[in-house]
Amino acid sequence: MKHIYWFHEITKKNLSIAGGKGADLGEMVKAKFPVPPGYIISSDTYFEFIDKLQLREKISKILEDLDVNDSARLQEVSKEVQDLIKGAKVPKKLADEFEEAYDELTESLGEAPLVAVRSSATAEDLPDASFAGQQATFLNITRHNLVEAVLDCWASLFTARAIFYRVQQKFDHMKVGIAVVIQKMIQSESSGVMFTKHPTGESDAIIIEAVFGLGEGIVSGMYTPDHFEIDPTTWSITNKEISSQPRMIHLNKKEGIKELEVSPEKQATQKIADEKVIELAKLGKKIEKHYAWPQDIEWAFEKGKMYIVQSRAVTTIPKERKRHEDEAMVKMMKPTLKGLGASPGIADGPVMIIKDTTEIDKVKNGDVLVTGMTNPDMVPAMKRAAAIVTDEGGMTSHAAIVSRELGIPAIVGTKNATKTLKTGEKITVDGKRGMVYKGEKKNLLINNVPKEAEKEATVTSWIPTATKIMVNLATPSEAERIANKDVDGVGLLRAEFIVADIGIHPKEAIATGKKDEFVEKLATDVTKIVEAFWPRPVIYRSFDFKTNEYKSLKGGEKYEHHENNPMMGYRGAMRAVNDPEVFDIEIKMLKKIRNEHGFKNLWLMMPFIRTIEEIRAIKETLKKEGLLGDRDFKFFVMAEVPSVALMIDEFAKEVDGFSIGSNDLTQLTLGADRDNENLASTFDERDPAVLKSLKMIITGAKRNGCYVSICGQAPSVYPEIVEHLVRWGIDSVSVNPDVIERTRKIVEQTEMKVLLENTRKSE
Ligand code: PEP
Ligand code: MG
């Protein structure tokens with residue numbers, strides 16, 4: 001039996017040996033397209049492996065009588081089978097063969113390559129075997145972990161989802177095989193995408209987009225690529241736009257994938273030379289001809305050599321990729337305005353420019369709200385808007401936070417949206433990439449963007465994780481919907497939005513005899529959230545308006561002084577200490593909901609704690625009011641001023657738990673105003689100084705037996721931070737509603753990894 005096949009030995013007929021992906025690669029090599037070289041470990045090898053080690057019977061036995069709707073059991077069984085495979089020893093002769101093939105690849109390339117190891121499922125009579133087997137990919141693999149990666153691929157045939165799917169579809173688990181593709185990874189100096197036909201069909205031009213480094217930079221919308229349009233009859237470039245690229249994604253053997261600075265002299269230069277653009281376009285047409293259909297191609301240059309990494313037909317789009325394709329098509333249009341993509345999604349509508357809160361009534365259902373910067377008072381108008389575009393603000397600005405929570409596409413920091421756009425004109429907003437296009441969506445797209453209902457992935461199986469996943473929520477009207485998700489509670493209930501809805505400054509309410517009414521209104525809205533999530537905890541955060549925001553509430557002018565720097569001004573817990581009468585509104589609300597309505601799942605968190613004295617003063621009040629003595633009550637503080645990180649041992653003795661406000665913590669650690677769009681590239685939660693602070697807080701809290709969570713935007717915006725948080729020992733991660741499922745998956749994977757690493761260490 002043959003175990004190893006080189007790409008050129010395979011054709012599209014060899015599905016049962018090489019699986020769909022492997023057969024496709026063979027076909028491309030046969031057509032002489034420059035695909036990165038590699039080989040395939042046949043599916044027979046997998047069957048031989050499970051038979052030789054007598055795993056077939058064991059696996060069948062474990063899977064026997066499994067009720068896949070029992071998701072906890074499904075997870076357990078999946079883990080058991082995967083552990084069985086991963087723990088097995090590949091027979092030496094086989095392992096040697098895999099490594100010898102790698103050595104041969106090394107020899108032909110003149111150096112040991114990093115390879116991608118991918119599963120490529122096969123099955124008789126299965127129209128869509130890839131799904132039955134699911135897809136696993138392991139990147140940056142070298143000779144020393146090659147065999148392990150192959151085992152991981154084989155094990156991936158038994159993820160919970162794959163098992164679930166096969167049972168649902170009545171496929172025999174033991175008949176689905178798996179080939180493994182091993183392919184050189186391209187360490188590209190530039191790369192990108194190409195559409196061999198204009199995606200909107202408006203012309204026959206070939207479109208090429210290019211960035212420095214790896215193509216992920218384009219796909220994820222992180223960088224604005226160079227844009228080229230090529231006329232395939234004259235082979236001339238008819239349109240060219242060069243964009244400056246400050247950072248790039250780079251791959252190297254030591255560190256894997258990493259984001260690097262592009263040197264200042266290089267940033268604004270063309271990513272690939274004109275003649276390469278033409279060369280690529282010509283190759284694109286050849287590939288299109290081979291497949292007899294327009295193609296969406298991923299390409300790369302390494303040491304000047306061109307590679308085709310992937311090619312797929314533009315119109316034969318599987319359902320689950322449809323949205324991605326729609327985005328790709330919009331992406332190809334020329335934007336009229338750019339900013340920071342703050343809340344993903346694509347929406348269109350007529351522009352409504354508003355100056356300030358006094359004009360919010362002008363915003364009608366389906367308008368695109370355009371303004372300088374939003375504030376909490378604008379939430380009712382934001383809810384009506386199809387999309388939001390602002391001049392100012394960074395990724396943690398109010399507009400960004402609220403629109404993510406509401407699930408409305410938003411772009412912040414465009415600098416001049418209010419000047420460039422005109423009220424009434426129709427625009428399309430791509431909130432992921434931060435692009436505004438002229439015209440309606442339907443004129444920009446071939447396919448319609450999926451309806452709202454389709455956008456929300458339904459959760460089919462809930463994953464239990466040791467680390468809790470909480471949600472940031474402030475809009476009571478969304479509570480029921482979000483409580484239905486796979487979420488362990490509300491990690492941050494920002495009171496400001498509810499108060500903005502009430503619309504009056506609390507001191508004005510007190511002065512005009514409306515304090516009870518204020519308490520009642522606040523309690524009604526908070527109860528909606530607490531009820532929807534019961535018995536899961538809801539952490540209510542005390543008012544954290546800044547003076548400028550307080551000022552815009554009714555009567556606010558009377559009570560608030562002008563401050564040059566409200567972000568570092570009279571805000572947070574300090575106000576609760578100095579204005580006990582206002583704090584009393586919140587105390588009354590808490591007692592009402594907890595004692596009268598019996599919702600003991602409502603806890604309190606104080607914002608912007610600067611000193612221990614503030615905590616002590618607040619605790620005095622809570623004790624007097626009987627809240628602190630209550631067994632079910634928990635008292636949290638935000639860890640968002642660096643003093644808390646520096647003195648974590650002292651602070652931890654005073655509280656039940658912390659929640660990290662990474663927005664303020666980043667601002668104060670880096671000295672970068674979070675609302676200033678000119679500092680957007682400096683304001684970065686991944687900065688080592690910020691990560692160090694996060695680690696100090698988490699490990700310090702745990703050292704003192706204190707609960708610790710995070711509710712800033714960091715894990716919602718940068719999923720890679722989640723792994724760090726889990727490794728440092730965080731108890732829960734509170735994220736925006738749109739990323740609950742994604743975060744849960746990362747947490748699950750990290751916990752598994754940590755467990756595995758610990759088991760290996762102790763072996
Ligand atoms: C934070 O600072 O990270 C936080 C969650 O609070 P806010 O964004 O409301 O200041
Ligand atoms: Mg904060």
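Indexing begins at 1, ligand by ligand and atom by atom, following the structure's order.
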- Query: Passes salt bridge (charged side-chain N to carboxylate O under 4.0 Å, His left out), E478 versus R481? Steps please.
  - Reply: CA-CA 6 Å; E478 301 293 306; R481 181 176 68 83; 2.6 Å; yes

- For D391 and K419, what are the C-alpha separation, side-chain angles and deciding distance, and is it a salt bridge (charged side-chain N to carboxylate O under 4.0 Å, His left out)? CA-CA 9 Å; D391 289 345; K419 294 201 193 71; 5.4 Å; no

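The shortest separation from a heavy atom of E496 to ligand 1 is not under 4.0 Å, leaving the residue out of contact. Heavy atoms of I401 approach ligand 1 to within less than 4.0 angstrom. For the ligand labelled ligand 1, residue E685 lies outside the 4.0 Å heavy-atom shell. The shell of residues lying under 4.0 angstrom from ligand 1, judged by heavy atoms, excludes Q713.
Judged purely by distance below 3.5 Å, without hydrogens or angles, the side chains of Q713 and N736 pair a donor atom with an acceptor atom.
For the salt bridge (charged side-chain N to carboxylate O under 4.0 Å, His left out) test with R575, the passing option among E614, E581, E560 is E560; the others fail.
Close contacts between ligand 1 and D664 involve ligand atoms 1 (C), 2 (O), 3 (O), 10 (O) [criterion: under 4.0 Å to a heavy atom]. Of all atoms in ligand 1, listed by their number and element, those nearer than 4.0 Å to a heavy atom of R571 are 10 (O). Ligand-side atoms of ligand 1 in range of M638: 4 (C), 5 (C), 6 (O), range being under 4.0 angstrom from any heavy atom. Close approach to R494 involves these atoms of ligand 1, each under 4.0 Å from a residue heavy atom: 4 (C), 5 (C), 6 (O), 7 (P), 8 (O), 9 (O). Counting the atoms of ligand 1 from 1 in the order shown, those under 4.0 Å from a heavy atom of C711 are 5 (C).
Closest approach of F683 to Q667, counting heavy atoms only: CE1-N, 3.5 Å.
The pair E748-K745 does not count as a salt bridge, with every side-chain nitrogen at least 4.0 angstrom from each carboxylate oxygen. The pair K588-D584 meets the salt-bridge criterion, since a charged nitrogen lies less than 4.0 angstrom from a carboxylate oxygen. A salt bridge links R686 to D684: one of the charged nitrogens lies within less than 4.0 Å of a carboxylate oxygen.
Residue, atom and distance of the protein heavy atom nearest to atom 6 (O) of ligand 1 are R541 NH1, 2.9 Å.
One option in R674, Q667, E640 has a heavy atom closer to atom 10 (O) of ligand 1 than any other, and that option is R674.
Centred on the Mg ion (ligand 2), the OD2 atom of D664 and the OE1 atom of E640 lie at an angle of 90°, reported to 10°.
Relative orientation of the F545 and F543 rings is tilted, given thresholds of 30° and 60° on the angle between their planes.
Not a single N/O/S atom of D544, whether from backbone or side chain, sits less than 2.8 Å from the Mg ion (ligand 2).
At under 3.5 Å, not a single nitrogen or oxygen of K546, backbone or side chain, sits near a nitrogen or oxygen of ligand 1.
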